[in-house]
Structure formats: structure tokens, C-alpha cells
Amino acid sequence: MGEVLALAGIYRRLVGARIRSQLQYRLSFALNLIGAGLISFLDFAAILVLFGQVDALGEWSVAEVALLYAISSVAFAATDLAIGHLDLLPKMIREGDLDVILVRPLGSLFQVVSSDFALRRLGKGLQGLVILVVALVAVDLDWTLGRALMLVVTPVAGAFIFAGVWIALATIAFWLIDSIEVANAFTYGGNFLSQYPVNIFGSWLRRFVIFVVPLAFVSYFPSLYILDKEDPLGLPLALQFVSPLVAVASVAAGCLVWRFAVRHYRSTGS
Amino acid sequence: MAQIELEGVEKVFTVWARRGRLRRQRTVVRAVEGISFSIEAGSLVGYIGPNGAGKSTTVKMLTGILVPSAGRISVAGLEPSSQRIELARKLGVVFGQRIQLWWDLPLLDSFELLRHIYRIPAERYRENLDAFVELLDLGPFLATPVRQLSLGQRMRGELTAAMLHDPEILFLDEPTIGLDVVAKARVREFLTRVNREQGVTVLLATHDLADIERLCSRMLILDRGRVIYDGELQALRDRYGDERTLIVDLEEPGPPIDVPGARVAKVDGPRQWLTFNRRETSAAELTAAVAAKVGLQDLAIEEPQVEDIVRRIYTEGVA
């Protein structure tokens, strides 16, 4: 426990230093924030356009899809905020920053993660929260303690599910220095997949997001519970409650892959 | 047991070179091929070699950054790659071409972060910081963001950063690269002090032979992934540095002087360079022989430069 507190203290210091330096440029920070928020609204507009043509998407109404979308967005934004700079890993490797990290008495993943905190990415999170509130009003939820709790826990679990996936993907950089495009395709693709009802996908993609990369647990399964909706796929009810466990498994898997990758780190000549 | 021990250490990289659109050719690069040596606590050892000889690769294996392909490494009783974090507390590392300080932060804030990362007791931190601020004259730029420091100032900051947690061993990879004469002298003085006064073991990988000449009693010469010389600098001089040079300024320019036991290496107006072997001819004999033939204005004797010796070893191999 003392160890965890000490790490939290170091994390707060490192990230605090980064945040202070970002806030030095207030105007640029504000513009970035607004820009990111507006762009994500366009993203949501695509869903609205879709519903201009159809009344339901695989038995999901527009408000229900909005809820699905919002939960996934908030989770994604939280992950992006905390570890989005993992996409700088190829640069860190190329420029030798990882060498510096590896001679300090702290875990390498911890140091990479605490090397930045991109506040400007808050924009997307704010957009997600706005849509979440609108969607909750629109679906006319039958509030229970269980649902409220689920609504709080789900984005957190979702953020950790994303985190595990991103960490594993980022390690591609240990073998392929210019891997960012590959990783991005999966990162943003993953976000996209988790914003739509899983039952509209083809069967192989459905299996992929349930069993391989567990994106269905970010918002699809928990949303079924929150909306008190029957699963169009008819899968076991228990799946709607296991997102936190999936999150733990995802992060654990990500960390294992990371450990393996660091053992294969080749550094660069100097 | 010695503080640093390497036994048959190898590092092999596999490189995939592009051959056409999709075909790749696999080449194996042997960066380090079977290195063995050991270093006792408290020594100051120079580690030199041309580019690509495997110096940095060795330092990276010793610090646990790279996992060796074969062989055994022990540093301060630990195995670097598997006990990296534990070892990191006992090591100070300076990479001449990497920045370990936080770019955007004032120097002092970087030190503060390191205090927490290494969990240095507050009192110890204060003492060390005060000592280094004085020794390296950091006072004037402690509050300056690292990105605004000159290269020399930054290197002084890096040295302090590497030593704040009282490491047992200090690894340096090209710490004087790009520095001016004054800054180099400062770095060298610092290394001598921490080695003598605090008993820190120092392994200095460098290109700069002057670093080695001023600092190290023992040197390891590396070439193409192998240690080709391990011994005292003086012994190297004795073994390979037989050739001395007599520089004479004549009263007026003349043809190359012909005296037994010496060979004219260069003529520049009235100045001539005569090389001779110290075992066969003494400087006194030669001077007398030259003075008997031509009018002398001035003379000087040049000892062999380590650089020349090392160049000879690289090209001719170890005799």
C-alpha cells in the first residue's frame, strides 16, 4: 500500500509539472480544447445522419445508440487523457528517451505513462458527457441504484479496457519503429467499434469484439443493463456485469505484453 | 567478487534490410562478441574504441537497458536485465547525447523530481545538492529551464542528476562530447573528485583520449565488438610508444638531416621532425649528433600521443 501511495505521489508530481507547462499557453490550450470538442461533435453527427434514414439500428433507437456512443466516448477520452501519449513511443524509442527511462528505478510503463498528460484532449470527454446527459434524458430511464452505479462504473471499466488494448498495441513500436499508423488504426477503430451496437456487426467481427479484443464490454453489454433491454444476440445476462473484470484482465494482458516487449528492446545507436 | 563482471558477453542484433518491395534480407550484426573483464570497486576505468566498436552497447547491457544475447553480467552483485530497477538505485548514468533532465523545467525542479524518483532522504539530498552546486558552480542557473542552458551547463546538471542518490557506480557514455576545453576540464575534475573522495567506481566510455589520459589508470580498448587491450595506460605507452619525436629548428632551412638511428618524418622550412626509437637511441645522443651536423636554434622532444598508439593498435592489431 505504501508503495502504491509513493507511486501516486511521484505520478502527481511528474504529471503536475507537465500540466503546469501546458497551462503556460492559455489561449492555445483553450483553442485546442474547443477544437477537439467540436470535431467530436461532427463525429456524433454521423450517427444522427444515419438515423435520418432509418428509425432503428439493429433494434436500437437513436437515443439508445447515443447512450452507447456517449459511454464509449467518455471512456475513450479518459484513456486518451491519461495514456494517449503512448502513441509517442516510437519517437521516444528513436530519440533514446527510453534509454533514460530504463536507467531509473521505476517501471518503464509507469514512466512512459507519467511523462505527459494531454489536457487538451479533455474536449472529447466534455462532448461525451454532454451527449451522455442528453441521451439519459431522451431514453427516459427507469432509475435504480443498480443502474446509477453501473453508469458510474462502466466508463471507468471501459477506460481500463481501452488502456490494456492500447498498451499492447503500442509495444509494436519495440519491433517496428514506424508503427504509429498501425496502432492508430486499431485505437480509433476500436473506439468506433465500441460506439455501435455489437449486434449489427457480422458474426466474425462480433466474435472479435467479444472474445479477442473485448470492446463489447466497454459499452454494449453494460448499456443493455442500464437500458433494461433484451440482448438482441441473446447472450447470457452475466456478461452485462463483468466489464470490471474484463478491465482488470485487459490491463494485466497489456502489462504482460509490455514486459515481454521491453525484454526485446534494441535501443538505438548513439 | 569484483563490482562489475562480464563473462563471454555477446549482443547480436538481427537487421532486416529491404531488398525490393516486399523481400527483406536478414542480416545478423554482432555488436559485441564475447567480452570478458572485471572492474574492482573504486576504480576509474576508460572504455574506448572507434564508432560502432560496441562501447554504447556494452554500457547499455551493464545498465540493464539491453538484454545480452549470451554470457553473464554482474553489476554490484545484481544481474542488470532482470534486476534493473533494484540496480538503478545503485547506478548513476550519464549519456552525453541524451537529455535526462526535464526539458521544460528549471534545473532545480528536475533535481526535486529525481529526489522523489530515487527516494533520497531529504537531508542527504540537501547535503549532496549543496556540495554539487558548489563544486560545479550551478548556482547561477538553478532556476533556468533546462532547454535554455548551454551544453556545458546542461552537462554539469546531468552529472549532478546522476550523483544525487549516492550511486556506487557511475557509467558515462561520451560525457565530454561537444564541450569546450573549459567545460571538459570541469567534467574531468568532477569525475576525479567523486572517484577519489567518494570512492565511486567510474566507467568512462569515450572517444576522447584526452579524457582517458587525464583520468584513468586503466583502459579497455574495444574494436569490432572485442576487447583488444586491457591494462594500464602507462604499460600501453611502454609497449607501443617507443617512437619519440625530436623537433629541431635550424638556423636556416636545409635538406633533411641524415643521422644514424633517426628518420626525418617532416620538413617545414627550418623546422624538421625526426622520429627515433627510445630503446635504440637516447635523446641526448641524437641531439648531439644533429648539433654536430647543423646549426641548431631550438629543439623539443615529443612523447608519443595515446591517440597515435591507439591508431596503431586499431590498424595493426595487438602485437
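Each chain gets a letter, A, B and so on, in the order its sequence line appears, and its residues count up from 1.
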Per-pair distances, 0.1 Å, donor-acceptor, side chain in residues 74-81 of chain B, under 3.5 Å, sequence neighbours excluded:
| residue | atom | partner | partner atom | Å |
| --- | --- | --- | --- | --- |
| B/E79 | OE1 | B/S82 | OG | 2.6 |
| B/E79 | OE2 | B/S81 | OG | 3.4 |

- Task: Just give me the residue among A/Q111, A/E3, A/H264 that pairs up with chain B most often, heavy atom to heavy atom, under 4.5 Å.
- Result: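 Sorted descending by pairs with chain B, the first entry is A/E3.
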- Message: Can you tell me which of B/R119, B/K55, B/K90 forms the most heavy-atom pairs within a distance under 4.5 Å of chain A?
- Response: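 The option with the most such pairs is B/R119.
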- Max heavy-atom pair count under 4.5 Å with chain A, selected residue of B/L91, B/V93, B/D109, B/T57: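 Looking at each of B/L91, B/V93, B/D109, B/T57 in turn, B/V93 comes out on top.
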- Message: Measuring from atom CG of A/D97 to atom CD1 of B/I99, what distance do you get when rounded to the nearest 0.5 angstrom?
- Response: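 Rounded to the nearest 0.5 Å, the CG-CD1 separation comes to 8.0 Å.
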- Task: Against chain B, label A/L98 side chain, backbone, both or neither, depending on which of its atoms sit under 4.5 Å from a heavy atom there.
- Result: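 When you check distances to chain B, no heavy atom of A/L98 falls under 4.5 Å.
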- Task: Apply the side-chain contact (heavy atoms from CB on, under 4.5 Å) test between A/V103 and each candidate in B/R98, B/K60, B/Q100; give the one that qualifies.
- Result: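 The residue from B/R98, B/K60, B/Q100 that satisfies side-chain contact (heavy atoms from CB on, under 4.5 Å) with A/V103 turns out to be B/Q100.
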- Item | Closest contact, heavy atoms only, A/S108 versus B/R84 |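 Closest approach of A/S108 to B/R84: N-NH2, 3.6 Å.
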- Task: Compare every heavy atom of A/L106 with every heavy atom of B/I117, then report the nearest pair and how far apart it is.
- Result: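 Closest approach of B/I117 to A/L106: CG2-CD1, 3.7 Å.
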- May I have the step-by-step check of side-chain contact (heavy atoms from CB on, under 4.5 Å) for B/V67 and A/Y265, ending in yes or no? CA-CA 8 Å; B/V67 183; A/Y265 174 52; over 6 Å; no
- Taking non-hydrogen atoms and a cut-off under 4.5 angstrom, which of residues 152-166 of chain B neighbour chain A?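 Checking residues 152-166 of chain B against chain A gives no residue, so none.
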- Message: Does this structure show an ion pair linking B/D104 with A/R20, if we count only N-O contacts that are shorter than 4.0 Å?
- Response: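 No, no charged N to carboxylate O under 4.0 Å.
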